Amino acid sequence: MNINLTLLGQAISFFIFVLFCMKFVWPPIITSLRERQARIAEGLAAAEQSSQRREEAEAEIETMLTDAKAQAAEIVAQAQKRSNEIVEASKDTARTEAERIKATANAEIEQEVVNARENLRKQVGSIAVDGARKILGGEVNADSHAKVIDDLVGQI
Amino acid sequence: MAGEGALTPTGYIQHHLQNLVVGLHPENGFSLARSSEQAAEMGFWAIHLDSMFWSIGLGALFLWIFKKAADKATSGVPGGLQNFVESIVEFVDENVNDTMSVKSNFVGPLALTIFVWVFLMNFMDLIPVDFIPYFFEHILGVPYMKVVPSTDVNVTFGISLSVFALMIYFGIRMKGLGGFLGELAFNPFTSDNVIIKWAFVPFNVLLEGVSLLAKPVSLALRLFGNMYAGELIFILIALLPWTVQWALSVPWAIFHILVITLQAFIFMMLTIVYMAMAHESH
């Protein structure tokens, strides 16, 4: 409990400690603390900024997606329309073609009918001449009466 | 165990409370005190080797650890040691900034040194009372060893008087000698009338002088008293049979963890407040 030189010794060592602390310990630690604070603040600001940018990008993507969907729908509609048109056009072509074929066939049939009729008429003429010859007895000459026969044939 | 011979409770306690003193004895000359009477006879020209050794050792330990952290300090991801050191530095820095409106490069390191150093010195109190003294007495042959520097009134006064000197130094430097003396002379009683104002000076000087001088004394005695009492109770507990000591020493030690931290914090906080008062005129 005696007050003695220890007091002075303590005071001296205390000052040395404080000075050492002030020179070598406090500044580096406090500097790094402040720097880290600044860096964290920067980092937070950057994070804020990038999240904002991401939101913007998302909005942009949203619009682009909507546009693309609309475009796709339009393209599909156009394609459908076009295919309908093609189907219609091919139907038309087919119809015309069928009609043409039908017409040709009809014409051919007509021709056949005419030919058949002509043949028939000729055969009927010759049968009639034969019949007449048999009835009249050879007096009917096919050559001399050709004009009459042809007239008859023409009447059939 | 006691130097005086028989192991009576009184002898045991006295032995534990005796510092290891080296000094100029009137009869023996420059020597190691072998008893408390010899130590008392040495008067002022003596030094407590144990207090000096432990306090300087602990101060050096503090500076070594913190210097190590400071050398490797980065603003990037901190390691374990840096984290630990930084949390203490930040705690001190916050207290300084909250208390002082004036920026100072000195008060932060001062407060940090006081906080950690006083804490470490108080911490020695938690080491069982006989461990270190027994080792020194029976292995090294050193008669006395008081390991808690803050139970030595010289240590606490050494710090508090240094703080007091700094208060006066910064008070005069920041406010000028006139401003510093003016604060002593014209506070708290003052008047617009010049004569009455000067008539108040003696009362003011008396009041302010007492409150100024009370600061280092209360600062030193608060820490000393708390630690001395705590240490004494540990010594008293150590007098009990060893089988039941734990029942008292454990709760007391746990409570003491709070006390040593609180005392270090109070010492630091009051130093900051005194420094703030010295820096700012009110």
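Letters A, B, ... mirror the listed sequences (proteins, then strands); counts begin at 1. Being a predicted model, the structure only gives us computed values, none of them experimental.
Taken to the nearest 0.5 Å, the CG atom of A:Asn4 stands 7.5 Å off from the CG atom of B:Asp152. We find the CD1-CD1 distance between B:Ile56 and A:Ile16 to be 8.0 Å, quoted to the nearest 0.5 Å.
Heavy-atom contacts from other residues, nucleotides or ligands closer than 6.0 Å to CD of A:Glu58 number more than 12. Under a cut-off of 6.0 angstrom, the local environment of CZ in B:Phe106 is crowded, with over 12 non-hydrogen atoms contributed by other residues, nucleotides or ligands.
When side chains are defined from C-beta on, B:Phe44 counts as touching A:Leu5, because their heavy atoms get closer than 4.5 Å. Proximity of A:Phe24 to B:Asp71: side-chain heavy atoms (C-beta onward) are nowhere separated by under 4.5 Å. Side-chain contact between A:Leu33 and B:Glu90 is present, with heavy atoms from C-beta onward closer than 4.5 Å. At least one side-chain heavy atom of B:Leu166 sits under 4.5 Å from a side-chain heavy atom of A:Phe15.
Screening residues 84-110 of chain A for side-chain hydrogen bond (donor to acceptor under 3.5 Å, both in side chains), with sequence neighbours left out, gives A:Arg82-A:Glu85, A:Asp92-A:Arg95, A:Glu97-A:Arg100. Sorted by first and then second residue, the side-chain hydrogen bond (donor to acceptor under 3.5 Å, both in side chains) pairs with a member in residues 9-31 of chain A read A:Gln10-B:Ser55; sequence neighbours excluded.
Across A:Ile3 and B:Asn154, no two heavy atoms sit closer than the pair CA-OD1, 3.2 Å. When all heavy atoms of B:Phe62 and A:Cys21 are compared, the pair lying nearest together is CZ-SG, 4.3 Å. When every heavy atom of A:Arg34 is checked against every heavy atom of B:Asn97, the shortest pair comes out as NH2-ND2, 4.2 Å. The two residues B:Glu86 and A:Ser32 have their closest heavy-atom pair at OE2-OG, 3.3 Å. The shortest non-hydrogen separation linking B:Ala73 to A:Pro28 is CB-O, 4.1 Å. Closest non-hydrogen pair, B:Ser75 versus A:Arg36, comes out as O-NE, 3.3 Å.
When each of B:Gly108, B:Pro149, B:Ser51 is checked for heavy-atom pairs under 4.5 Å with chain A, B:Gly108 comes out on top. Contact count against chain A (heavy-atom pairs under 4.5 Å) is highest for B:Leu63 among B:Leu63, B:Val89, B:Asn105. Counting heavy-atom pairs closer than 4.5 Å to chain A, the top residue among B:Ala70, B:Ala39, B:Gly43 is B:Ala70. Between chain A and the options B:Asp93, B:Val92, B:Val21, heavy-atom pairs under 4.5 Å are most frequent for B:Asp93. Annotation: maximal heavy-atom pairing with chain A below 4.5 Å, among B:Gly158, B:Ala46, B:Gly23, B:Ala165, occurs at B:Ala46.
Using a 4.5 Å cut-off between heavy atoms, B:Gln18 does not touch chain A at all. Heavy atoms closer than 4.5 Å to chain A are found in both the backbone and the side chain of B:Ile159.
Ring-plane geometry between A:Phe14 and B:Trp117 is classed as parallel, the angle between the planes falling under 30 degrees on a 0 to 90 degree scale with a further cut at 60.
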